[in-house]
Amino acid sequence: MDTLLQNILNPPILMFFMGLIASLLKTDLEFPQPLPKLFSLYLLISIGLQGGYKLSHSGLDINAVKVLSLAVFMATLVPLYTFFILRRKMDIYNAVAIAATYGSISAVTFVTAVSFLETIKEGFGGYMVAAMTLMESPAIVVGLILLRIFRDRNNDNGINWGEVLKEAFLNPSVFILLGTLIIGFVVGEKGWESVKPLFGDLFRGFLALFLLDMGIVAGRRFWDIKNMGFFLIAFAILIPLTNAFISIGLAKLFGFSKGDALLYSVLCASASYIAVPAAMRLSVPEANPSIYVTMSLAITFPFNIIVGIPLYYHIINILWG
Amino acid sequence: MDTLLQNILNPPILMFFMGLIASLLKTDLEFPQPLPKLFSLYLLISIGLQGGYKLSHSGLDINAVKVLSLAVFMATLVPLYTFFILRRKMDIYNAVAIAATYGSISAVTFVTAVSFLETIKEGFGGYMVAAMTLMESPAIVVGLILLRIFRDRNNDNGINWGEVLKEAFLNPSVFILLGTLIIGFVVGEKGWESVKPLFGDLFRGFLALFLLDMGIVAGRRFWDIKNMGFFLIAFAILIPLTNAFISIGLAKLFGFSKGDALLYSVLCASASYIAVPAAMRLSVPEANPSIYVTMSLAITFPFNIIVGIPLYYHIINILWG
Amino acid sequence: MDTLLQNILNPPILMFFMGLIASLLKTDLEFPQPLPKLFSLYLLISIGLQGGYKLSHSGLDINAVKVLSLAVFMATLVPLYTFFILRRKMDIYNAVAIAATYGSISAVTFVTAVSFLETIKEGFGGYMVAAMTLMESPAIVVGLILLRIFRDRNNDNGINWGEVLKEAFLNPSVFILLGTLIIGFVVGEKGWESVKPLFGDLFRGFLALFLLDMGIVAGRRFWDIKNMGFFLIAFAILIPLTNAFISIGLAKLFGFSKGDALLYSVLCASASYIAVPAAMRLSVPEANPSIYVTMSLAITFPFNIIVGIPLYYHIINILWG
Amino acid sequence: MKEMKKVEIVIDSLHIHRVVEILESNGVSGYTIIKDAQGKGERGIMAGDELTDVFKNSYIFTVCNVEKAIKIAEAIKPLLKKVGGICIISDVLWVSH
Amino acid sequence: MKEMKKVEIVIDSLHIHRVVEILESNGVSGYTIIKDAQGKGERGIMAGDELTDVFKNSYIFTVCNVEKAIKIAEAIKPLLKKVGGICIISDVLWVSH
Amino acid sequence: MKEMKKVEIVIDSLHIHRVVEILESNGVSGYTIIKDAQGKGERGIMAGDELTDVFKNSYIFTVCNVEKAIKIAEAIKPLLKKVGGICIISDVLWVSH
Ligand SMILES: Nc1ncnc2c1ncn2[C@@H]1O[C@H](COP(=O)(O)O)[C@@H](O)[C@H]1O
Ligand SMILES: Nc1ncnc2c1ncn2[C@@H]1O[C@H](COP(=O)(O)O)[C@@H](O)[C@H]1O
Ligand SMILES: Nc1ncnc2c1ncn2[C@@H]1O[C@H](COP(=O)(O)O)[C@@H](O)[C@H]1O
Ligand code: NA
Ligand code: NA
Ligand code: NA
């Protein structure tokens, strides 16, 4: 309860609420493009550089390898099992798209969890950013393989696999994270110090700005929720919870640190609303974007940053004792 | 004289001149949208958070209530008395629009006055930002009521009051100021510190950028001034002065601190060029925007930040002794 | 070799490579306008303010005058001699455009050299920014005079000299540098301190962002290179080298400090890709922009910031002993 | 390919939502908006460079049958009369999908 | 002045490169793109306010002779059918330069 | 509704002011500009992604009577010939306001 308050009563989260209210009240408040793009690029670069820098200190030990493997494991498992749940209720196209959405991750949710950990002075491994990067793409590939397998042969309006794999592994988010991770890793102390005033010190402020915009955008989709039917709404909350619990279990089993466990669970619980939708729109145009984007953006994202993060941390606290 | 120099010889003001010269010389220097929007959103958020944070320390005492009430009083009085002055010289539509423009406030003028006070190490109350927020809307409502009363019945192409009141009380400026005031108030020390590097430390720099753009835009309207006739030019300088003097008198009467008195007078002397023009364009399309925007942007704004602020402060210094 | 590594292993340069790779791999990574414009305006303002501030300390002594004169000398010599080399291989229009491009300078190359000097703790004169400003325009004028002299009379579709001279001396880059130089000069310690958090501390970070974008844009033009023919490719590398060597010679002859010598040589070696192309497009539309922009952006710029800067510095180190 | 009408409207950005209302009330199958446009007309220059949308235009067009086009034209006249802007109609072939 | 056809297409920004491929494969002399467009159609509202281009349209037009116009129309139908968007054709006079 | 001509021009952004001069010297009642356009033509790709406006197009159109349209076409040819771009003319009905 206290951690919940502590999580809510900090500028970024409150800015998200402010944005939400702004669009529910239909004020004209908005960040016109490309400002949101600037904020998200900034956050990706900043988290990548910091992650790489931390990694250059901690290094890639056996523990890191363990975490990374489990990251990929969950990123492959989630789209698989969710697909079969979804398939019972809807056509294959939307099932694939939603499964891929929840199999992948949300960098901003991760970032919010990171700043939550910093607030409560709980450490975490530099390899977690690498873990996030590894978790972005698998779901897309799994989804398209499922599509290929289960789609009725007679209307195979062939996927352009080259384009799709590029979208999966070379989409801007993945590329920036990878690139800045490496840069952060090699430039060392001096290099990091030189850009820290922008990419370190301003981090919280930019997160606040970005969440303000996220609130506005989520608010715009708010009314689409009720047209979505009970099943999808329940899905958008229960699946993240399930993924969080599974991942916390795994984290305990494999002896993660508290901080790593939280970030791992948050990654598994989060859903993509940038990389995956773009990939799905290109490869599964038959699916309806306003379904999978609304679910991840207007339900799962707010749920995770407001309730999820402190909740998962609370559970971890109890289990880790 | 010394304060005047001190006011002019700081980056933001000089950047304003630079922008002014840039467009008078017809260079292609410009900040394309949405950059100006980014700067103004930043300034509003930053002033709101700081104000709320200061408020959480000072608190809302009787003195604050006094200031806020007098703020609303002037925000209602100014559009009223100016309307009747204007009405003698022009049609009701433009009279209403100009009156509303001068009844409301300019956040950037306020911000410039704040950084003037910081330069000369003169304190002010955290409630002043709240005062500014309260002063944005009344003029719009007063203006439209005047319009309703005095417009000849036979062409009442009805105002959409719902839309208008929304514009008055829920326009982005008012909403952001209100929202960030509350956020700044509740997050406390720790929360503010976390975003201070962006919203605190960079404040002056962003003000400089914004004033550079303001200079460019004001310069573009410079030549419209001479087409405007003596009356309106005189109005754009004498009314701010009058409002400043009245408000300084009230401030003295009710025992404001020096800092509060300056900000109060600057608010009363300033004219709106964002919120009100938008509201007027929607509700009084018969009025000519290039008149009221040029007056407030190309005459009153420069006058206030260059001559007004140091002048008002000089007078306050004398009266407060 | 060590300085070369030191130069490459810092965030801005690595970000440039990252951008380059991003567009060679055809990822969708990009900074949509007006973000690149924001970064470049920021860098110009920041370098101008800092330069002006430094100048207000060092002052304009005889040494400064010497540097400035030699700056103008090279800015006039380079377009002249390169024109006659180019003329043997191509029509007069492209010869003029390319000559002007290489006669002028690249602010970002300069800025990269400045941060290189800061990294290795090597000082330089505050007047160097003034030198850069003086070197932007002459090449444009020289180029157009050459055009006027050598163009066959019968198709003199007259240049609009007013417009051209405005482009030469009042283009945004020149204007901002000049304006902020003056502002930085007059505001003094206190003024600079007030905007330093934005225009000083964040400098390296913004340079990194800008170079990331430069890498992306350069990468897009990469494939145009091979269509360009051996002569132009050789020109884009050998002429900068030649200019660097000449300028280092002059610097030695006239007893520049090491830092000044490096910046001077970098200015002479660099080619314009903003101010001059715009001016040439307006005054010599017959020339093909994708030739002169590709040469300066995709060959000379990367060459200078990666190989050039450390190389020139190495040579200077040897000569200065 | 069906013969249809293309109805194009330019109006200041603040009033674009009014145009959309009119189009939807006339049951068009869709519309396309280009938000940022500059221009010049009776009301003077709209440079789109202000901090407010007061001096910015938006461009919108819809493809519909001739009956709807005429209805829209009628419905939009008073708005244009009051706040300014233009509306033009032309012939197009819709590549039905 | 030559009599030509103007072919206009609105499609979500993610698929604009497909349209360009079709135009080039039909050997048009050129095309013009306006990247950011909003709109509404069968697929609902494209507000262009997302962090992804999924809900953003782009507008593209080419001026070409009638034969090419028809070929393009045929080639583009299946794409529009699959991913949405519209394509219209109209008559223009090209001020040849 | 008046029968009028719509004159559309695409030209690189640096030269748009020249087009405006031509339109105004022919006394058009107004014009609309869309500042940022990309495209491809004889002069190659204009991706609009540079730091300079050299590779960016702008789109402008005016609605006027046929006489003015022809005058404008004549006046603009040499400019297009020199710096590139296109100009097309089509028929529209002006919903007079
Ligand atoms: N003759 C015209 N051709 C093209 N656009 C026009 C024309 N007249 C007006 N416009 C556009 O409509 C806007 C408003 O027109 P007005 O209400 O006449 O000022 C102008 O800013 C232009 O963008
Ligand atoms: N009748 C129409 N008139 C103008 N634009 C349209 C029309 N129908 C669709 N569009 C545009 O095409 C896009 C995709 O259409 P749709 O695939 O029907 O959703 C829409 O977002 C609009 O921008
Ligand atoms: N056939 C065409 N259809 C549409 N736009 C064109 C066409 N040809 C040229 N353009 C536009 O005009 C610009 C300049 O054309 P050009 O001078 O031929 O390079 C191009 O970048 C395109 O935006
Ligand atoms: Na996930
Ligand atoms: Na006022
Ligand atoms: Na040079």
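Lettering follows sequence order; numbering is per chain, from 1. When reading the values below, keep in mind they use all heavy atoms of this one structure, side chains included, and skip hydrogens, waters and symmetry mates.
Heavy-atom distances place both the backbone and the side chain of D:T32 under 4.5 Å from chain E. The contact between E:I34 and chain D is made entirely by side chain atoms (from C-beta outward), counting heavy-atom distances below 4.5 Å. Residue D:M1 touches chain E through its side chain alone, counting heavy-atom pairs closer than 4.5 Å. Of the two parts of D:V63, only the side chain, counted from C-beta on, holds a non-hydrogen atom closer than 4.5 Å to a non-hydrogen atom of chain E.
Counting non-hydrogen atoms of other residues, nucleotides and ligands closer than 6.0 Å to CD1 of D:I22 gives a total above 12.
Summarising the geometry, atom CD1 belonging to E:I86 is positioned 13.0 Å from atom OH belonging to D:Y31; distances are rounded to the nearest 0.5 Å. Atom CG of D:L23 and atom NZ of E:K40 lie 10.5 Å apart (nearest 0.5 Å).
In this view, D:E8 and D:K6, D:Y59, D:F61, D:I88, D:S90, F:K6 satisfy the side-chain contact (heavy atoms from CB on, under 4.5 Å) rule, not counting sequence neighbours.
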